[in-house]
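Down below is the structure, laid out as structure tokens.
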Amino acid sequence: MSKKILVINGPNLNLLGSREKEKYGQSSLDDIKNNCQIHAKKIGIDLDFKQSNVEGELVNFIQGARNTHDGIIINAGGYTHTSVAILDALLAVKKPTIELHITNIYKREDFRHKSLISKAADGIICGLGADGYVMALDGIKKIINNEN
Ligand code: CA2
């Protein structure tokens, strides 16, 4: 049976492609979702793709993946740098996890240099733009199949 991956997007990522294009690129979140779905089909994985601006909803998405998904790709947006609750949820569900950022957070303001959720991540992709999402699918497939 094919592996099922949950892609979770945090606050303000619903604005992608409409503002701050010089920072976050031209692609909308729907464009990214479509690209992910095309790539997922190509590599034989099932995909769910979600976004919320609400911290507790992100926690619910993670908890909801416990019995339904084989891995998590998460761009927690600004909550990356603040959310113990998201870290705790990821640690609790213990799924293969990739942390993802469109921008290189280490090239930006100091407060973005610390990620609270990295402790729960098997791998991190950052600074590769929207392409990072598709790369994360390849990465999580390898982690799940122990090919990394
Ligand atoms: O680089 C990333 O993917 C981030 O997770 C994006 C977050 C930021 O707080 C993190 O430090 C790094 C912000 C997402 C905001 O997205 C927008 C998109 C378009 C217009 C405005 C905001």
Side-chain angles (χ1 to χ4, degrees), residues 3-43 45-66 69-144 148:
K3 300 296 182 186
K4 200 161 178 191
I5 304 304
L6 177 60
V7 182
I8 299 174
N9 293 281
N12 299 309
L13 289 161
N14 54 313
L15 299 178
L16 284 173
S18 67
R19 278 154 237 212
E20 299 196 63
K21 293 185 193 175
E22 62 302 331
K23 202 178 287 166
Y24 295 111
Q26 305 278 337
S27 305
S28 68
L29 198 60
D30 268 350
D31 294 334
I32 293 173
K33 180 180 175 177
N34 289 337
N35 285 341
C36 282
Q37 271 161 347
I38 290 167
H39 192 68
K41 207 166 181 189
K42 224 182 269 175
I43 63 172
I45 59 182
D46 283 345
L47 194 75
D48 283 322
F49 197 96
K50 299 189 179 191
Q51 189 273 334
S52 176
N53 292 324
V54 179
E55 186 177 18
E57 272 184 32
L58 299 172
V59 169
N60 286 340
F61 292 160
I62 295 164
Q63 288 188 13
R66 195 155 66 105
H69 291 78
D70 301 293
I72 294 173
I73 296 167
I74 182 164
N75 183 348
Y79 287 137
T80 302
H81 317 294
T82 63
S83 181
V84 175
I86 291 175
L87 171 65
D88 286 345
L90 290 169
L91 291 174
V93 302
K94 288 198 183 80
K95 296 284 174 186
T97 296
I98 292 184
E99 175 184 350
L100 173 73
H101 302 287
I102 294 167
T103 59
N104 179 354
I105 56 175
Y106 301 101
K107 221 177 161 181
R108 300 184 63 187
E109 303 95 322
D110 285 355
F111 66 84
R112 296 185 203 273
H113 297 180
K114 177 73 190 165
S115 164
L116 294 195
I117 69 172
S118 293
K119 209 168 171 44
D122 297 286
I124 302 167
I125 293 176
C126 82
L128 297 175
D131 290 351
Y133 281 82
V134 166
M135 295 176 192
L137 291 175
D138 287 330
I140 199 110
K141 187 182 174 192
K142 284 193 173 179
I143 291 168
I144 290 168
N148 55 320

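Numbers here are sequence positions counted from 1. Since we're looking at a predicted model, the values are computed, not measured. One-based numbering, in listed order, for ligands and for the atoms of each.
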So CG of N34 and OG of S27: to nearest 0.5 Å the spacing works out to 10.5 Å

Show me the short polar-atom pairs for ligand 1: any N or O of it lying under 3.5 Å from a protein N or O, with distances only.
from, atom 1, to, atom 2, distance (Å)
ligand 1, 1 (O), I102, N, 3.2
ligand 1, 1 (O), T103, N, 2.8
ligand 1, 1 (O), T103, OG1, 2.5
ligand 1, 3 (O), N75, ND2, 2.9
ligand 1, 3 (O), I102, N, 2.7
ligand 1, 5 (O), N75, OD1, 2.8
ligand 1, 5 (O), H101, ND1, 3.0
ligand 1, 9 (O), G78, N, 3.4
ligand 1, 9 (O), R112, NH1, 2.8
ligand 1, 11 (O), H81, NE2, 2.7
ligand 1, 11 (O), R112, NH1, 2.9
ligand 1, 16 (O), N12, O, 3.4

Partner residues of K119 under the salt bridge (Lys or Arg N to Asp or Glu O under 4.0 Å) criterion, sequence neighbours left out:
none

I86: which of L116, I74, T80, I8 passes side chain to side chain contact (heavy atoms under 4.5 Å, CB included):
I74

Side-chain contact, heavy-atom cut-off 4.5 Å: N53 with L13?
no

Please tabulate, for side-chain N and O atoms in residues 87-97, each donor-acceptor pair with protein atoms closer than 3.5 Å (sequence neighbours left out).
from, atom 1, to, atom 2, distance (Å)
K95, NZ, R66, O, 2.8
K95, NZ, H69, O, 2.9
T97, OG1, K95, O, 2.7

Please tabulate, for the side chains in residues 125-143, all donor-acceptor contacts under 3.5 angstrom to protein atoms that are two or more places apart in sequence or on a different chain.
from, atom 1, to, atom 2, distance (Å)
Y133, OH, N9, OD1, 2.6
Y133, OH, N75, ND2, 3.4
D138, OD1, H39, NE2, 2.8
D138, OD2, H39, NE2, 3.3
K141, NZ, I43, O, 2.9

